[in-house]
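The structure appears right after this line, and notes come after that.
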Amino acid sequence: MAIFVLQVSTGAGGDDVSAVFNDYLYNFLLFAGAGFCLWRAAAIPEERLPWLVIGLAIVSWSAADIFWTAVYANDPNAPYPSIADALWLAWYPASVAVLVLLVRSRLRDARASLWLDGLIGAVATAALAAALAYGPVIHEGSAGDLSAAVVTGLAYPVGDMLLLGMVAAIFGLSRWRPGRAWIVLCVGLVLNAAGDAIYLVQTADGTWQEGTWVNALWPASSLFVGLAAWQPIKLASAPKNQSVRVVIVPVVCGVVAVLLLAYDHFSSLNGLTVVLAAVTLLLVLVRTALVFGENQRVLAHSRHEALTDPLTGLRNRRSLMADLADHLPAGTDEYPVALVLFDLDGFKEYNDAFGHPAGDALLVRLGARLADAVRGHGEAYRLGGDEFCVVLHPGPAGLDVVANACVDALAEHGEAFQVTTSHGAVLAPAEVSDATEALQLADRRMYARKGDRRVSASRQTRDVLLRSLSERQPDLHVHLRGTADLALLVGRELGMHGEELDDTAHAAELHDVGKIAIPDAILEKSGPLDEIEWGLMRRHTIIGERILMAAPALRSVARLVRSSHERWDGRGYPDGLAGDEIPLGARVVAVCDAFDAMTSNRAYRRRVGEPAALAELRRCAGSQFDTQVVDAFARVLEREMTAVTAGAGQLRRAAVSAAG
């Protein structure tokens with residue numbers, strides 16, 4: 001190609017060499033570009049069709065050149081249009097089809113607005129080309145009738161303008177970051193259009209000459225297209241929102257169209273330019289309407305997402321606050337408005353047993369049932385986690401009937417689980433007058449009811465097990481109580497609350513419940529245990545878990561009991577868990593259990609002082625114990641010792657005062 005450019009630019013070698021180059025090397029380069037495209041189509045399955053089509057289109061273009069050179073080049077009365085024109089013109093629809101196919105395969109999720117931006121860019125580019133590059137050709141063609149010769153003559157500039165417009169459209173569709181493959185391909189198409197434009201304009205002006213540098217544009221175009229066929233495929237996604245890069249396309253094209261129409265008012269342009277400019281403005285108006293519609297849909301979707309729980313499809317807390325602000329002032333003594341809060345009991349255990357996906361599926365089912373239960377009376381909401389809410393007008397049936405229906409809807413039972421709900425209700429205007437007050441009062445009533453339920457379930461089961469331990473080993477029962485008190489304080493220091501804190505305290509009380517199954521000879525042995533005895537002792541956490549799993553209310557506690565003798569470095573038992581794999585509650589129990597054991601008399605050793613026990617905990621932090629838990633324990637112990645010292649000082653001062 002470089003040799004060809006050098007020869008046609010300088011005319012080196014004279015007319016004979018120029019004739020050989022223009023007749024043979026010229027066509028060889030065209031076929032080379034086609035060969036690269038066809039080779040790509042045969043070798044790689046992806047995007048095979050577009051490269052096959054454009055390869056055949058280049059072959060058609062080359063065949064037209066060969067046919068014209070062989071048959072009509074020296075004929076002064078060559079027909080126009082001819083077979084060669086049909087072969088040349090096949091390039092245009094083929095190129096447009098290829099560009100559309102490549103855009104469809106490489107640009108994912110292209111919205112209608114992007115396609116319209118591409119069309120606007122194409123029409124505006126065509127209008128500009130019609131005004132600047134093809135003005136003489138169009139004027140000459142439109143001066144006569146619409147004969148086959150005139151139509152054929154106009155087909156070339158129209159086809160080139162369409163391809164230039166498609167190039168602009170592709171750059172717009174790719175957010176003006178087309179990548180190397182698109183750039184190479186579009187350069188090839190632009191070179192072809194540039195060659196046609198120069199040829200047609202110079203022919204219309206009578207200045208066209210054979211064998212100049214312009215002849216190099218067409219083979220260069222073919223080779224660039226062939227090079228583009230072998231560039232890596234890069235998939236792109238449509239922009240998620242309207243950026244300046246996208247909006248600038250219709251704006252700039254609209255300005256170009258306005259300038260062309262304004263120029264036509266003072267100096268007449270050809271009719272095709274005026275029509276294309278007017279079409280550009282019309283498309284810009286359509287684009288504006290489309291943007292407005294897209295924005296309305298985005299706003300509606302955003303509003304729906306802002307007011308809807310994504311998991312259950314119920315209204316969310318934001319929607320609840322807005323609805324309460326509207327409905328509470330409208331409540332009267334005859335037609336009150338009720339707010340009922342619900343919190344699921346047993347959902348944490350369900351999640352632990354079956355996993356979070358199953359827990360999410362359960363929330364979806366319960367949310368659908370709750371919505372059905374209040375249909376016709378009010379609206380259902382999910383506030384987050386396992387908390388639900390309804391706002392309703394009780395009507396003649398009364399609040400209890402509808403509330404009980406909601407409680408039934410938010411319950412599910414199975415072979416290994418039981419999920420129920422606690423609730424709290426308020427009425428407006430009899431009890432509350434604003435949304436914040438209503439939520440606070442309903443929340444207090446709900447948790448009061450939940451506390452009663454927990455006492456009747458987990459506490460009764462726990463008390464039975466602790467009584468069993470006390471009857472067998474009174475000292476062990478005292479140890480468990482001390483460990484539980486410490487665990488409660490340390491858990492609060494670490495920011496634990498609610499069910500997590502309760503489970504940790506219960507696990508501290510019950511972490512040795514499995515020792516019921518360990519023989520007294522092992523538990524009370526004064527000397528060291530042998531390997532067999534240690535094997536039995538290490539099973540007490542598994543036995544404890546199995547005992548607690550029989551009570552649904554203590555299943556989350558059972559998991560902590562099983563892990564209460566794991567070590568931070570992974571050398572504990574029964575599962576060899578390490579680091580954060582150990583539940584936080586179990587890590588707290590391990591530290592509190594070790595401290596209480598060291599500061600209590602045992603059959604095999606005497607107690608040590610609290611400072612020595614704390615020093616041992618610090619020494620084992622990072623290996624046996626979690627360092628953060630040990631630090632929290634130290635802070636709790638320091639506060640407790642300070643409080644004890646202060647209390648002793650007050651007693652001494654009171655005694656001295658009394659003696660005086």
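Note that these values count all heavy atoms, side chains included, but never hydrogens, waters or copies made by symmetry. Sequence positions, counted from 1, serve as the residue numbers for this chain. Everything numeric in this text was worked out from a predicted model, so none of it was measured.
- Within a 6.0 Å sphere centred on CZ of F224, heavy atoms belonging to other residues, nucleotides or ligands number 12 at most.
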Test side-chain hydrogen bond (donor to acceptor under 3.5 Å, both in side chains) on N215 and Y199; report intermediate values, then the result.
CA-CA 9 Å; N215 283 46; Y199 172 78; over 6 Å; no

Would W39 and W230 count as a ring pair (Phe, Tyr, Trp, His ring centres under 6.0 Å) if you check the C-alpha gap in whole Å, the side-chain angles of each, and the deciding distance to 0.1 Å?
CA-CA 9 Å; W39 181 16; W230 289 93; 4.9 Å; yes

Walk me through it: do W218 and D65 pass the test side-chain hydrogen bond (donor to acceptor under 3.5 Å, both in side chains)?
CA-CA 11 Å; W218 290 288; D65 282 338; over 6 Å; no

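- Ring pair W68/W88 is tilted by interplanar angle, where 30° to 60° counts as tilted.
- Ring geometry, F21 versus F4: the interplanar angle falls under 30°, so the pair is classed parallel (tilted spans 30 to 60°).
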Trace of the side chain to side chain contact (heavy atoms under 4.5 Å, CB included) decision for W182 with L102:
CA-CA 9 Å; W182 278 116; L102 291 178; 3.4 Å; yes

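- Two residues are said to be in side-chain contact when any heavy atoms from C-beta on lie closer than 4.5 Å; L344 and F388 meet this criterion.
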Do E47 and S105 pass the side-chain hydrogen bond (donor to acceptor under 3.5 Å, both in side chains) test, and can you show the C-alpha distance, the side-chain angles, and the key distance before you say yes or no?
CA-CA 8 Å; E47 299 181 344; S105 67; 2.9 Å; yes

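- Taking the side chain as every heavy atom from C-beta outward, C389 and L339 approach each other to under 4.5 Å.
- Counting heavy atoms from C-beta outward, R369 and L366 have side chains that approach closer than 4.5 Å.
- Heavy-atom neighbours of Y92 OH from other residues, nucleotides or ligands within 6.0 Å: above the threshold of 12.
- Counting only distance, with no hydrogens or angles, the side chain of T273 and the backbone of L269 share no donor-acceptor pair below 3.5 Å.
- Residues N192 and V225 form no side-chain contact, since every pair of their non-hydrogen atoms from C-beta on lies 4.5 Å or further apart.
- Side chain of T280 to main chain of L276: a donor-acceptor pair is present (N/O by atom type, distance under 3.5 Å, no hydrogens or angles).
- Side-chain contact between Q7 and V17 is present, with at least one heavy-atom pair separated by less than 4.5 Å.
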Start with the C-alpha gap between D443 and L439, add the side-chain angles, then the distance that decides, and say whether side chain to side chain contact (heavy atoms under 4.5 Å, CB included) holds.
CA-CA 6 Å; D443 189 66; L439 284 171; 5.9 Å; no

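- At distances below 3.5 Å, at least one donor-acceptor pair connects side-chain atoms of N316 with backbone N or O atoms of A306.
- A salt bridge does not link D309 with R315: every distance from a Lys NZ or Arg NE/NH1/NH2 to an Asp or Glu carboxylate oxygen is 4.0 Å or more.
- With a 6.0 Å radius and a threshold of 12 heavy atoms from other residues, nucleotides or ligands, I3 has its CD1 atom at or below the threshold.
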Please assess R375 against D372 for the test salt bridge (Lys or Arg N to Asp or Glu O under 4.0 Å), listing each intermediate value before the final yes or no.
CA-CA 5 Å; R375 186 168 285 112; D372 291 337; 2.5 Å; yes

